[in-house]
Amino acid sequence: MELRLAGLHHGYGNIEVLRGIDLDIPAGRIVCIVGPSGCGKSTLLRLIGGLERPERGEVVQTGAPPPGCLNPLTYIFQDFALLPWRTVEGNVRLVLEDHGFGRAETAGIVDDVLARTRLSEFRAAFPRQLSGGMKQRVAVARALAVSPAFLLMDEPLSALDAQTRELLLDDLVDLWTRERFSGVYVTHNLREAVRLGHRVVLLSRRPGTVREILEIDLPLDARAGHAPELEAHRSRLWQLLRDEAHAADVELVDG
Amino acid sequence: MPLMWNWSMAERSDRGRPVAFRGGGFSPRPLGVVGPLVFIAVLAFWEAGCRTGLIPPLVLPAPSEALAALAHLVETGLLWKHLGASLQRLLVGWTLGTLLGIAVGFSIGLFSLARAGLAPVVAAIFPIPKIALLPLFVVWFGIGEGSKVATILFGTFFPTVVATYGGVDNVDRNLIRMGQSFGLSWLSIVRKIILPGALPAILPGFRISAAIAIVLLVAAEMIGAEFGVGAYILLAGSLMALDELLAGVAILSVMGLTVNWLIARLERFLLRWRT
Amino acid sequence: MLTTRFAATVRRSALALLAGATVLAGTAVAADDKIKVGALRFTSHSASFIAFEKGYFKEAGLDVEFVYFQAAAPMAVAIASGDIDYGVTAITGGLINLADKDAIKIIGGALHEEEGIDGSAILVSDAAFKDGVTSPAKLAGRSFGITQTGSSFHYMASRIAEREGIAMSEIKLKPLQKVGAIIGALKSGQIDAWAIVPHIAKALARGGAVHIIGWVNDYAPDYQVTTVFTSAENAANKRDLTERFLAAFSRGAADFNAALVDKTAGEDAAEATVRLIHKYVYTSRPYEKAAPSIRNGAMRLNEGARLNLSSVQAQLDWFKAEGLVKGEIGIDKLVDGSYVETY
């Protein structure tokens with residue numbers, strides 16, 4: 001299954017946020033979307049997953065989702081969006097409850113995804129007892145439980161401290177290496193983008209348009225050893241981004 | 001310049017001075033014994049005042065007299081009759097008022113049409129003292145249990161509505177969006193995300209509505225009540241039997257404390273996921 | 001000394017709050033003794049109104065200011081607190097309990113039931129009447145409206161039950177707090193029966209929604225309905241003032257009886273008296289509508305403020321038997337019989 005964005009336009013009131021976005025999102029790879037603050041990255045992600053309706057243009061899904069997929073387009077949120085009144089296990093179970101599985105079947109899926117995210121021993125904990133990194137791992141487990149065709153990640157590491165971010169980034173690389181999921185990863189952090197993206201899409205400042213598409217051919221699990229090459233990509237992106245970011249920074253908020 | 005001067009001072013005294021502590025205060029410490037102690041002291045002073053004649057019996061009977069009136073209620077078994085009648089009215093009125101209030105509060109919180117139509121009506125009727133409507137309730141529901149239950153029901157309904165839709169409004173929108181993004185059904189989102197998310201606002205609403213219910217009990221039992229704590233207090237008042245009046249008020253107070261304690265337990269159980 | 005002064009002040013302010021009295025200004029003349037008299041805007045309080053309007057109080061050297069109340073019970077409280085000096089109202093449990101605390105004393109009689117004069121009537125709702133409750137003997141199993149437990153309505157109900165041999169447990173008493181609420185409940189058939197002074201009873205019966213099935217006088221003959229009372233302090237230590245008040249009050253009562261009860265004073269005097277009373281009673285209604293009600297409500301006021309002590313004793317006994325007042329209070333504590341003739 002693949003996604004194609006065709007002529008997407010969106011705005012809030014008089015403010016135009018996205019203008020003419022055309023983009024193909026292939027299966028089995030991670031597309032990172034970067035851009036200056038307020039360029040409409042998160043809006044674009046909400047349009048892709050159907051949480052908002054574009055003013056013009058469309059998001060087209062080609063091909064069928066893989067068999068056993070319960071929720072083809074599945075989000076991972078910046079603020080984790082865990083229900084504080086449910087345990088780790090309960091939060092995962094929440095997304096399975098509407099699918100009419102039997103008790104044993106549900107328990108099987110929950111056990112499996114908790115094991116894959118190394119959360120099995122924390123299944124009875126409430127979110128307030130977990131660190132930020134653990135919470136995001138619960139959110140990943142919850143996303144995996146519905147066997148998504150696409151993971152739509154909205155700055156998943158931004159609410160975490162630098163060390164945790166590093167650990168979780170490694171986790172995501174491991175996860176992709178094992179599962180080969182398709183993903184859209186929105187971030188303002190260029191290091192994350194070049195570390196995780198097979199393709200990095202740079203948006204211009206508002207109204208957001210596609211400024212540049214960068215293909216990085218290095219396999220994800222091999223990137224740790226190629227720091228200089230990644231740094232070159234990063235600094236090239238930064239050159240492009242800096243002027244946009246500066247211009248966006250001095251704009252009035254409701255300009 | 002003053003900085004220099006300080007330096008020279010410090011040099012002259014070789015061991016230096018500790019920095020003066022400036023924090024502290026502004027954070028009340030729990031002092032468990034003070035509350036009961038003040039309570040006992042007030043009672044003792046009151047009793048002494050009555051015994052010595054400083055407080056004449058016409059103004060205030062001694063606490064021991066109120067206690068005797070209470071003991072008399074227990075001995076004759078009337079206490080249980082009064083309590084039973086009142087608790088039944090409270091329970092029925094409060095339960096119905098709360099259930100209806102939550103239902104209407106949820107509709108206002110969830111449906112634009114209900115919000116546009118009902119919210120102004122609720123805002124308009126909420127501040128009316130329900131005691132003023134008592135004659136209307138008597139016409140509508142008769143002088144039996146109907147009007148008594150209705151008074152308590154109406155009294156508890158409105159604060160519950162306001163607390164509930166306030167709670168629904170305050171549920172984290174990101175959680176609702178998360179539910180939608182996982183394809184949860186509307187009913188699942190309401191049951192599993194909005195209801196528990198609104199509970200921290202609804203439960204304190206219970207405390208308020210329960211207190212209002214007890215306040216209204218006296219008014220509700222003005223009309224055609226033979227038994228009930230409120231009727232007992234009214235009768236004591238009209239007979240100028242101040243010891244019985246105080247005994248009745250003490251019963252109401254204990255009822256209020258008990259209800260408060262029960263709701264606190266319920267909160268601790270239902271909201272144990274909170275810090 | 002200090003403590004009693006303090007106690008009196010506390011008592012005054014505390015009870016003034018309880019009483020919730022509204023003060024209406026009277027005329028002030030420097031030389032006279034200023035007194036405050038509690039009144040309800042009922043025809044039964046006419047003796048005070050007549051004595052005021054005809055200057056009997058003034059002739060007795062009293063400068064009277066009326067303080068109006070909505071019900072009998074707060075008036076007793078206001079006497080106890082010293083906010084008013086004299087009052088006229090029914091014997092209630094509250095009044096007896098205040099007498100027990102040495103706060104007030106009954107010093108004379110006012111309204112009473114008398115054979116041959118229409119007194120309080122026993123009423124039933126239309127529904128109950130059609131259901132066969134055509135005489136007080138058939139009240140068993142029926143509901144009876146009262147304002148509060150221990151009120152005069154409660155007393156009348158128990159008198160009727162006693163004479164008819166009905167156990168009180170068979171009559172369902174419904175405390176409804178206010179006369180207006182009882183009228184509403186009776187008209188709509190929510191209660192079956194009630195007993196009330198004649199002018200209200202007759203007006204209701206004319207409408208057809210209720211029926212008169214008997215008279216209280218047959219069950220409580222010579223029932224002393226209202227009494228004159230004052231603070232224990234006044235009764236004990238202000239004999240001269242109290243005697244002057246009772247004398248002027250009695251002149252008012254005599255005029256009332258002559259004009260409207262015995263009708264010996266002639267129609268002109270009756271008319272003039274009704275007009276005088278209308279200044280105080282039914283003031284919101286035009287005179288033409290008020291006049292019949294005032295005439296209908298005319299029950300005998302005791303001549304010379306005589307007091308039917310045996311009726312008071314009977315009422316006191318009943319309050320004790322019902323457990324509404326403490327058992328030990330005696331008639332001497334309730335009544336100061338030194339002022340008027342008792343019988």
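The chains referred to below are lettered A, B, ... by the order of the sequence lines, with proteins before strands, and numbering in each begins at 1. Any value given below was found using the heavy atoms of this structure, including those in side chains, with hydrogens, waters and symmetry copies removed.
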Inset, instruction - Could you tell me whether C:Lys320 atom NZ has more than 12 heavy atoms of other residues or ligands within 6.0 Å of it? - result: yes
Legend entry - Closest heavy-atom pair and its distance - C:Lys101, B:Met240: NZ-O, 3.1 Å
Inset, instruction - Hey, could you give me the CD/CD distance between C:Gln177 and B:Glu221, rounded to the nearest 0.5 Å? - result: 11.0 Å
Inset, instruction - Decide yes or no on side chain to side chain contact (heavy atoms under 4.5 Å, CB included) for B:Glu226 and C:Thr149, but give the supporting numbers first. - result: CA-CA 9 Å; B:Glu226 196 184 352; C:Thr149 307; over 6 Å; no
Inset, instruction - With a 4.5 angstrom heavy-atom cut-off, could you sort out which part of B:Leu235 is near chain C: side chain, backbone, both or neither? - result: side chain
Inset, instruction - Answer yes or no: are there more than 12 heavy-atom neighbours, outside C:Lys333 itself, under 6.0 Å from its atom NZ? - result: yes
Inset, instruction - Would you mind checking which part of C:Ser188 comes under 4.5 Å of any heavy atom in chain B, side chain (CB onward), backbone (N, CA, C, O), both or neither? - result: neither
Legend entry - Top contributor to chain B interface from C:Thr92, C:Thr147, C:Leu324 [non-hydrogen pairs under 4.5 Å]: C:Leu324
Legend entry - Closest non-hydrogen atom pair, B:Ala225 against C:Pro175: O-CG, 3.4 Å
Legend entry - More than 12 heavy atoms of other groups within 6.0 Å of B:Phe45 CZ: no
Inset, instruction - Please confirm whether the backbone N or O of B:Leu239 pairs with a side-chain atom of C:Asn97, one donor and one acceptor, at under 3.5 Å? - result: yes
Inset, instruction - Count the heavy atoms of every other residue, nucleotide or ligand shown that sit under 6.0 Å from CZ of B:Phe137, and state whether that count exceeds 12. - result: yes
Inset, instruction - Against chain B, label C:Gln148 side chain, backbone, both or neither, depending on which of its atoms sit under 4.5 Å from a heavy atom there. - result: side chain
